[in-house]
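Report on one structure; see the data block that follows.
Owing to the predicted nature of the structure, the values given are computational and were not obtained by experimental measurement. Both backbone and side-chain heavy atoms feed into the values below; hydrogens, waters and symmetry mates do not. Just so it is clear: chains get the letters A, B, ... in the order the sequence lines come, proteins before strands, and each one is counted from 1.
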Amino acid sequence: MYEVSLYNSLTKKKERFVPLTPGKIGMYVCGVTVYDRCHLGHARAVVFFDVVYRYFSALGYEVTFVRNFTDVDDKIIERAHQQNISWNELAEKYIHKFYEDFDRLNVKKPSFEPKATEHIECIITSIEKMIARGFAYEKDGDVFFSVRSLDEYGMLSGRTVDDLLSGIRIEINDKKNDPLDFALWKKSKLNEPAWDSPWGKGRPGWHIECTAMIHKILGDEFDIHGGGNDLIFPHHENELAQARAISGCHYARYWMHNGLVTLNKEKMSKSTKNFFALEDIYNQFEPRYIRYFLLTKHYHAPLDFTSELVGDAVNAWKRVENSCGIVHNILSRNTYSLIENINHEMLKGFCEALSDDFNTPKALAILFDTVSCMNQAVREGKSHKELSVLLSALETMASILGIELFLPEQAQVSFSDIEDIDEQKIIEQGISCLHINKFSDEQIKLLVRLRLLYRMKKDFKQADTIRDVLQQAGYTLRDTKNQTIYFQL
RNA sequence: GGCGGCGUACCCAAGUGGCUAAGGGAGUGGUCUGCAAAACCAUUAUUCAUCGGUUCGAUUCCGAUCGCCGCCUCCA
């Protein structure tokens, strides 16, 4: 098994990854607050941790992967009010949208997808423990966490309480003992979602849901906690503080934070309206190209989005698809099947790259080397066995990264296929369907044959006309010496 | 102001205390082809923001400077 190293945001160092229980991994990634459509920034986090999940699974780990939905908070309430629907209707709507968007990005379903509202009981128990241990206090139906009560507060984000205080922009809330204290439980106002609690009707604060759900599903100490680096403070800092306050546990052993997606070098963010919704991007680019694009830069660094850059990504991934398509076409005659557990040098290099703190750009470079290698093998007319091995290695890499390979059904017609047929009949039939708007498979085949006939007779003008017609209809034609391969894109 | 990150070719992007500084896109020239497409070959950084220091040797380590970005309010 490969030894994996990870950059740990807690220690600010790259460390060898050793799971708490050999062979098993507990991983929690902060999901989204469901009050709007998801944008490319969300996609980066979701896709990246999907790769982490896939890779660890491919290495043979039994991964318990948890990704939550925050389905109750101020913004949901506010938005629902504007749209004149109930807050839970709004949340459901965007949860549904989330699945729609991320299914298209080929994101696997985690082991658990808890919702805040389904864990009110353990949230309340957690808050009670914090109060009992002197880390939290109740004021008029609200409960706050007292940051000064925890010595190590700030250890994740690398700040002290005094640092934070000097740059404070939090609005003054006179219920709080200290301006930095944060809400664990919010007293609900009229017409707001509310649950019974020892402190009256209310709802959970933002940070506590994660702490409580992690405690319930993964236990006090677990392996990996992930999310966007904008969550380091205050969200993850506060989660960690709560966990320590509840049980004094270590909580997450490794914290992984992905860099943000930028638009014109500025953070993509819903609140600043500086974003592209996924479903809008999908109108311009196929989702698999977006997924490829998201993995072209190391997860730790910011990733700038422009149409030009995604356009480059499209061309790059098409190169892979082209090559795989050609090899599939060669091998399908011998019914190609993926070689499982393949042990290829290239795949080894690929895994080493991913094992080194998920260096996806390096892994992709190796994937492209494999493509070159495979193209070379095709050119040199290498054996089907050799091609199968390369193709299997390539498909394994693509599947670990979760980037789909779109391989159109290819068909071919050779000179020998049309040698003994009735020329006149083909010409008549072919010309008669030349002006149809939508072709049937039979008609396409007929036209390809007709064109080949013209090619054979060196009537290239006619041949080119037919190619133009077919191209218009969405078919790509590739000629070789004595045949034509065609497929629909 | 505090904390953190980044600056590598035309663009994107890995990487390393010394061997030809990966890979992709774009461009150019060539091979193949009737053409096209795809593919292949060659080519595009004597140099890694700038200036110092450590070192036999630094793009890589240290320091300073400049520039860009993130967090310190909700955020993936």
Report yes if at least one side-chain N or O of [X] is closer than 4.0 Å to OP1 or OP2 of [N]; otherwise report no.
X        : N      : answer
A:Lys297 : B:rA14 : no
A:Asn315 : B:rA26 : yes
A:Asn359 : B:rG15 : yes
A:Lys458 : B:rG34 : no

Take atom [atom1] of [X] as the centre, draw a 6.0 Å sphere, and report whether it contains more than 12 heavy atoms from other residues, nucleotides or ligands.
X        : atom1 : answer
A:Lys12  : NZ    : yes
A:Glu386 : CD    : yes
A:Gln472 : CD    : no

In the structure shown, which nucleotide is the Watson-Crick or G-U wobble counterpart of [N], with both distances under 3.5 Å?
N      : result
B:rU50 : B:rA64
B:rG34 : none
B:rU73 : none
B:rG57 : none
B:rC10 : B:rG25

Determine the interatomic distance between [atom1] on [N] and the same-named atom on [M]; round to the nearest Å.
N      : M      : atom1 : answer
B:rG27 : B:rA38 : P     : 11 Å
B:rG5  : B:rU43 : C1'   : 36 Å
B:rU28 : B:rA21 : P     : 26 Å
B:rU50 : B:rA58 : C1'   : 15 Å

What are the atom names and distances for every N/O pair under 3.5 Å that joins the protein to nucleotides 38-42 of chain B?
residue: B:rA39; atom: O3'; partner: A:Asn375; partner atom: ND2; Å: 3.1
residue: B:rC40; atom: OP1; partner: A:Asn375; partner atom: ND2; Å: 3.0
residue: B:rC40; atom: OP2; partner: A:Arg319; partner atom: NH1; Å: 3.3
residue: B:rC41; atom: OP1; partner: A:Gln376; partner atom: NE2; Å: 3.3

Any side-chain donor near an acceptor of the partner, A:Asn375 and A:Arg319, under 3.5 Å =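 The answer is no; no qualifying pair exists.
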Considering only [options], which nucleotide approaches the side chain of [X] most closely?
X        : options                : result
A:Ala365 : B:rA76, B:rA22, B:rG25 : B:rA22
A:Ala45  : B:rA22, B:rA76, B:rG24 : B:rA76
A:Asp464 : B:rC35, B:rG24, B:rC71 : B:rC35
A:Glu266 : B:rA76, B:rG24, B:rG70 : B:rG70

Does B:rG34 have A:Phe460 stacked on its base, where the ring centres are within less than 5.5 Å and the planes differ by under 30°?
->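 The ring of A:Phe460 is stacked on B:rG34.
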Any N/O donor-acceptor pair, A:Arg44 side-chain to B:rA76 base, under 3.5 Å |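 It does not, because no donor-acceptor pair links the side chain of A:Arg44 to the base of B:rA76 below 3.5 Å.
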For the base of B:rC74, is there a side-chain donor-acceptor partner from A:Asp74 under 3.5 Å away?
->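 Side chain to base: no pair present.
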Classify the angle between the aromatic ring planes of A:His236 and A:His257 as parallel (below 30°), tilted (30 to 60°) or perpendicular (above 60°).
->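 Tilted.
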List the steps and the verdict of side-chain hydrogen bond (donor to acceptor under 3.5 Å, both in side chains) for A:His207 and A:Asn238.
-> CA-CA 6 Å; A:His207 317 294; A:Asn238 290 352; 3.1 Å; yes
Does NZ or CZ of A:Arg253 lie under 6.0 Å from the centre of the six-membered ring of A:Phe222, at an angle within 45° of the ring axis?
->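 No, A:Arg253 and A:Phe222 do not form such a contact.
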